[in-house]
Amino acid sequence: MNFCSDNATGVSPEIMAATAAANCGAVMSYGDDEYTQRLQVKFSDLFETSVTVFPVATGSAANALALAVVTPPYGAVYCHAESHINLDECGAPEFFTGGAKLVTVTGNHGKIEAETLGKILDRAGAGVVHHVQPAAVSITQATEAGTVYNPAEISHISEVVRSHNLHLHMDGARFANAVASLGCSPADITWRAGVDILSFGATKNGAMAAEAVVFFNQELAKTFPFYRKRSGHLFSKMRFLSAQLEAYITDDLWLKNAVHANNMAARLAAGLAGVEGAKFCHQVEANEIFIQLPESVITAVLAEGFLFYRWDECTVRLVTAFNTLEADVIAFVEAVKRHQ
Ligand SMILES: Cc1ncc(COP(=O)(O)O)c(C=O)c1O
Ligand SMILES: C[C@@H](O)[C@H](N)C(=O)O
């Protein structure tokens, strides 16, 4: 039983079927196909405003290319110290921006606080030739700590971003899990809250390999095609990414998958709450659990064949997904309780 990551899962049957169904005949390439064209309307409907959508294959590409559009080589991107763009993308944002600097911001439970960000930006040296120039802020929704920003928190951050003439990017690798957790509309935690560009994740939540860069700020969308092409992410057979994304947002599949993943995480957290020596590091608000367990328990449960990542000293990360079985959750809890 694998609780390592939602990246470990397979593909939603609906998405696999849609991808196979797209494999018929010849269609125009490089995004000029009907599947990709339909995405523009369908994503605009989903977000209740006119958007421009660009499929790419990975979340790291979505993040790095989106940031490249809003950050000059001498610029600065402000992000949480534990953010994926800072720790897990091998310098892709720095590379694709042409050398911009990621300036990290600390904050509890994986979240940037507007007041802290404002103080940092007030002292950032905008216009001072010796300093990198503030250009963008990137927040992750749901965060790398398994928490979520509510609409008001995002609005407060975007007010600070706007007051310093910057742009706001959202790493939404687990965006669906955040929407499912908050019970809000996609618009409420994006453009209505001041987000300019969203990396809309699908791979972790049922797609095979498809993410969408969604532009709410249409002016910023103009240069993205060139960044995407020169990064090698302009797929000639784009239909096979777009077919995944289209199936993902059809009949609310994206939300149904996320609701299940979140429910399994809540079920797992409830089971672990009573374990002797267990201590949750963060509120479980989406599909990731960070929990401290006695080393003897961790070692014994790993020895039983359960798969999960150690996160740091005595802390493990448990991630549920759209196809996590409740029986697996129960089995994991029982294994932990056997060894407590
Ligand atoms: C929060 C977050 N953002 C972005 C990514 C990048 O996605 P990918 O691994 O597809 O590059 C991940 C990866 O799992 C992630 O957890
Ligand atoms: C790199 C690793 O953290 C991946 N992003 C995950 O969430 O599993």
Side-chain angles (χ1 to χ4, degrees), residues 2-11 15 54-68 77 79-96 102 104-105 107 109-112 136-149 154 169-181 189 195 197-214 228 231-233 235 241 244-245 248 257-258 261-262 265 281-282 284-290 307-312 315-324:
N2 193 325
F3 293 98
C4 287
S5 174
D6 31 11
N7 286 324
T9 65
V11 177
I15 295 177
F54 299 95
V56 295
T58 69
S60 296
N63 290 336
L65 295 173
L67 291 170
V77 176
C79 60
H80 193 277
E82 301 301 313
S83 64
H84 198 267
I85 62 169
N86 181 46
L87 297 178
D88 286 309
E89 298 186 3
C90 191
E94 296 92 327
F95 178 75
F96 285 108
L102 298 189
T104 58
V105 180
H109 305 301
K111 293 161 69 173
I112 289 176
V137 173
S138 181
I139 59 176
T140 307
Q141 175 79 316
T143 74
E144 292 82 355
T147 56
V148 299
Y149 289 91
I154 299 169
H169 164 258
M170 177 177 277
D171 172 355
R174 296 186 178 90
F175 181 77
N177 302 94
V179 171
S181 174
I189 54 171
V195 173
I197 314 174
L198 169 68
S199 299
F200 180 86
T203 307
K204 300 176 195 315
N205 191 36
M208 183 186 301
E211 309 277 299
V213 182
V214 183
R228 181 175 61 169
S231 72
H233 267 269
F235 279 63
L241 270 71
Q244 293 178 63
L245 291 166
Y248 183 61
N257 281 2
N262 290 2
C281 304
H282 311 291
V284 179
E285 297 179 340
N287 67 317
E288 293 181 274
I289 297 172
F290 293 81
L307 298 173
F308 52 89
Y309 289 138
R310 288 176 180 271
W311 215 247
D312 54 37
T315 299
V316 301
R317 182 184 77 161
L318 305 169
V319 185
T320 55
F322 73 94
N323 57 359
T324 296

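Counting starts at 1 for both ligands and their atoms, in listed order. Start at 1 with the first residue, then count along the sequence.
Ligand 1 lies out of reach of T203, whose nearest heavy atom is not under 4.0 Å from it. The shortest heavy-atom distance from R174 to ligand 1 is under 4.0 Å.
Contact record, G10 with N323: N-ND2, 4.0 Å, taken as the closest heavy-atom pair. The shortest heavy-atom contact between N86 and H80 is CB-O, 4.1 Å.
Residue contacts with ligand 1: N7 is placed with a nitrogen or oxygen under 3.5 Å of a nitrogen or oxygen of the ligand (distance criterion only). Some N or O of S60 is nearer than 3.5 Å to an N or O of ligand 1, by distance alone. Residue-to-ligand polar distances place H84 within reach of ligand 2: an N/O pair is separated by less than 3.5 Å. An N or O contact shorter than 3.5 Å links G59 to ligand 1 by distance.
For the residue pair N257/Y248, the side-chain donor-acceptor check at 3.5 Å is not satisfied. If you check the side chains of N262 and S181, you find no donor sitting under 3.5 Å from an acceptor.
Applying the 4.0 Å criterion to heavy atoms of E89 picks out, from ligand 1, the atoms 4 (C). Within the listing of ligand 2, atoms 6 (C), 7 (O) sit less than 4.0 angstrom from a heavy atom of R174. The atoms of ligand 2 that sit less than 4.0 Å from any heavy atom of N7 are 4 (C), 6 (C), 8 (O). Atoms of ligand 2 lying under 4.0 Å from at least one heavy atom of S5, given by number and element, are 6 (C), 8 (O).
Heavy atoms of R317 found under 4.0 angstrom from ligand 2 belong exclusively to the side chain.
A donor-acceptor contact shorter than 3.5 Å links the side chain of N287 to the backbone of T320. Not one N or O on the side chain of R310 forms a donor-acceptor pair closer than 3.5 Å with the backbone of T315.
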Intermediate values then yes/no, side chain to side chain contact (heavy atoms under 4.5 Å, CB included), S83 and D171: CA-CA 9 Å; S83 64; D171 172 355; over 6 Å; no
